[in-house]
Protein chains: 2
Amino acid sequence: MTITTAEENYLKAIFKIAEKEDKAVLTNSIAAAMNTAAASVTDMLKRLAEKQLIKYEKYRGVELTEDGNRLATTLIRKHRLWEVFLVEKLGFAWDEVHDLAEQLEHVQGEPLIDRLDNFLGHPRFDPHGDPIPDAQGRWTFRQQVRVSLLQPGEKGILTGVDDHATPFLQYLDQIGVALGIEIQLLDRTEYDQSVQVRISGKTEVTLSEKVAQNLLVIKG
Amino acid sequence: MTITTAEENYLKAIFKIAEKEDKAVLTNSIAAAMNTAAASVTDMLKRLAEKQLIKYEKYRGVELTEDGNRLATTLIRKHRLWEVFLVEKLGFAWDEVHDLAEQLEHVQGEPLIDRLDNFLGHPRFDPHGDPIPDAQGRWTFRQQVRVSLLQPGEKGILTGVDDHATPFLQYLDQIGVALGIEIQLLDRTEYDQSVQVRISGKTEVTLSEKVAQNLLVIKG
DNA sequence: AATAATTTTTAGATTAACCTAAAAATTATT
DNA sequence: AATAATTTTTAGGTTAATCTAAAAATTATT
């Protein structure tokens, strides 16, 4: 059985939606995530159900089967490994790699991804701090907290960002925020929930609530 | 204007056929090269002509336009750079990389290929000794001769192989023949045109005419 | 509970890339 | 030159992946 690029993309979208919400994944959520008409999604869901990659009940939404889950996990593994390659080896910035990885993840061949993983030194996180499942599909979990939830005085090491959009990442570059730096919360303004933080023990900046919610740190 | 993967593959096939024969490239040659029905080729030729990538005259064959030539050259550049990456960086054998490169060559993004080229140190030849056009589409030419045409006593450095098929390449591995080694022609058997050669100044082996024709050396 | 609003599916089309079979054009052979 | 053989094109279909518009099912609201 062959799985097409389009099918892979649907599986990945379903996986990612299911990750957030724990109910069945609805047609419209998928349509929104994929920028397609709901009718196209219904079409595809039938095909994926046919191939036993999802459990699909009309009007009730879908769930990945074990096979579907495995495929989606592998796809995410490939995507994130390619992102590491693009940043670490080719020198791309972290806001430039998404679209390329989106293409590279569909290149077929087990040995390729295993060798790439090896070449990169089995990285466990991608350039945005997202975990990379290993060859057996196992995830590495970390105890991360949003900067927006720190108490004044508390600090942590930046280990992830929730928003991967270019403008956000470039803004972080501009204010000197990158993975691995220390962020200490100095104060919170009650009115708009913006926070004052100290970066790397040096610069002090104010972050809007929206920005602070998108920064993930490991406390301590 | 978007160029699809299928279109790219046709352009590449046309380029490669035109390289060998200097007449117009005929529908059936393309069909043979691509393993498709002649009717499918005609279909595609119309589309490529529409997009000004080929000059097409019914029943008369085709020729690449400047745009078509540029696209085909870039595709070959991408293919061969990826092959270098797979062999040099990921440790694949030279007979394992074709299919992967065939997929990787279709990943879109100028910066990607330029950075890859840079990462690899601007290689001018791929793992089979084929030249890699530079970013401006310029080729490196070499004065190569087939081992089958050497005179007894003459020697050369192996710089290329004409057949890229796995069985041939694995046979070469087995008898210790790799790019860069020295090959000296000792004797030729008139009956079947097989040749006795000395490899790296050490081993002596007999090569069939077919094998000798597929080995390219620079004399001296 | 009936009706309104929303979501999802079905119906019917479109496009790219393929196919087979038949027709047309070109090339080779008597 | 006429006919035979070959090559190429046209005609008509198929499949995956998309679409819009209409119908059906579900959910929310009076």
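Convention: sequence-line order gives letters A, B, ...; per-chain numbering from 1.
Remark: A/Arg142 CZ is packed, more than 12 non-hydrogen atoms of other residues, nucleotides or ligands lying under 6.0 Å away. For A/Glu57, the CD atom counts as loosely surrounded, since its 6.0 Å shell holds 12 or fewer non-hydrogen atoms of other residues, nucleotides or ligands.
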For DNA chain D, the dot-bracket pattern of Watson-Crick and G-U pairs whose distances stay under 3.5 Å, | for other-strand partners: ||||||||||||||||||||||||||||||
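Taking only side-chain nitrogens and oxygens, A/Tyr56 comes nearer than 4.0 Å to OP1 or OP2 of C/dT9. In terms of phosphate contacts, A/Lys46 brings a side-chain nitrogen or oxygen within less than 4.0 Å of OP1 or OP2 of C/dT10. In this model, the phosphate group of C/dC18 is approached by a side-chain N or O of B/Tyr10 to a distance below 4.0 Å at OP1 or OP2. An OP1 or OP2 oxygen of D/dT8 is reached within less than 4.0 angstrom by a side-chain nitrogen or oxygen of B/Asn28. Applying the 4.0 Å criterion to OP1 and OP2 of C/dT7, one finds that A/Lys58 has every side-chain N and O outside that range. A sub-4.0 Å separation between OP1 or OP2 of D/dT10 and a side-chain N or O of B/Thr42 is absent. Regarding contacts with the backbone of D/dA17, every side-chain N or O of A/Thr36 stays at 4.0 angstrom or more from both OP1 and OP2. For the pair A/Thr4 and D/dA17, the criterion of a side-chain N or O lying under 4.0 Å from OP1 or OP2 is met.
Within 4.0 Å (heavy atoms only), A/Ala6 reaches sugar-phosphate atoms of the nucleic acid but no base atom. Across all strands, A/Ser40 comes closer than 4.0 Å to base atoms (heavy-atom distances). Among the atoms of the strands shown, base atoms are found under 4.0 Å from some heavy atom of A/Arg47. Looking at heavy-atom distances under 4.0 Å, B/Ala37 makes contact with a base.
Atom CG of B/Leu45 and atom P of D/dT7 are 16 Å apart (whole Å). Put simply, CD on A/Glu50 is 10 Å from P on D/dA16, counting in whole angstrom units. The distance between atom CE of A/Met44 and atom C1' of C/dT9, rounded to the nearest whole Å, is 16 Å. We find that CG of B/Leu26 is positioned 10 Å from C1' of D/dT8, with the value rounded to whole Å. At whole-Å resolution of the value, CD in B/Glu57 and P in C/dA25 are 15 Å apart. In this structure, A/Asn35 atom CG and D/dT20 atom P are separated by 12 Å, rounded to whole Å. The interatomic distance linking A/Arg60 (CZ) with C/dT8 (P) rounds to 11 Å, in whole Å. The interatomic distance linking A/Ile3 (CD1) with D/dT15 (P) rounds to 19 Å, in whole Å.
For the salt bridge (charged side-chain N to carboxylate O under 4.0 Å, His left out) test with B/Asp126, the passing option among B/Arg77, B/Arg80, B/Lys78 is B/Arg80; the others fail.
Formation of a donor-acceptor pair under 3.5 Å by the A/Glu83 side chain with backbone atoms of A/Ala101 is not found in this model.
Out of D/dT18, D/dT9, D/dA21, the shortest distance to the side chain of A/Ala39 is found at D/dA21.
Geometrically, B/Lys89 engages B/Phe119 in a cation-pi contact defined by less than 6.0 Å to the ring centre and at most 45° from the axis.
At least one side-chain heavy atom of B/Val62 sits under 4.5 Å from a side-chain heavy atom of B/Ile30.
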Kindly determine whether B/Gln213 and B/Gln193 satisfy side chain to side chain donor-acceptor pair (under 3.5 Å), including the steps that lead there. CA-CA 10 Å; B/Gln213 281 173 344; B/Gln193 296 295 310; over 6 Å; no
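Both A/Val41 and A/Tyr59 lie close to DNA chain D; mapped to their nearest nucleotides by heavy-atom distance, the more 5′-ward contact belongs to A/Val41.
If you check the side chains of B/Gln52 and B/Thr65, you find no donor sitting under 3.5 Å from an acceptor.
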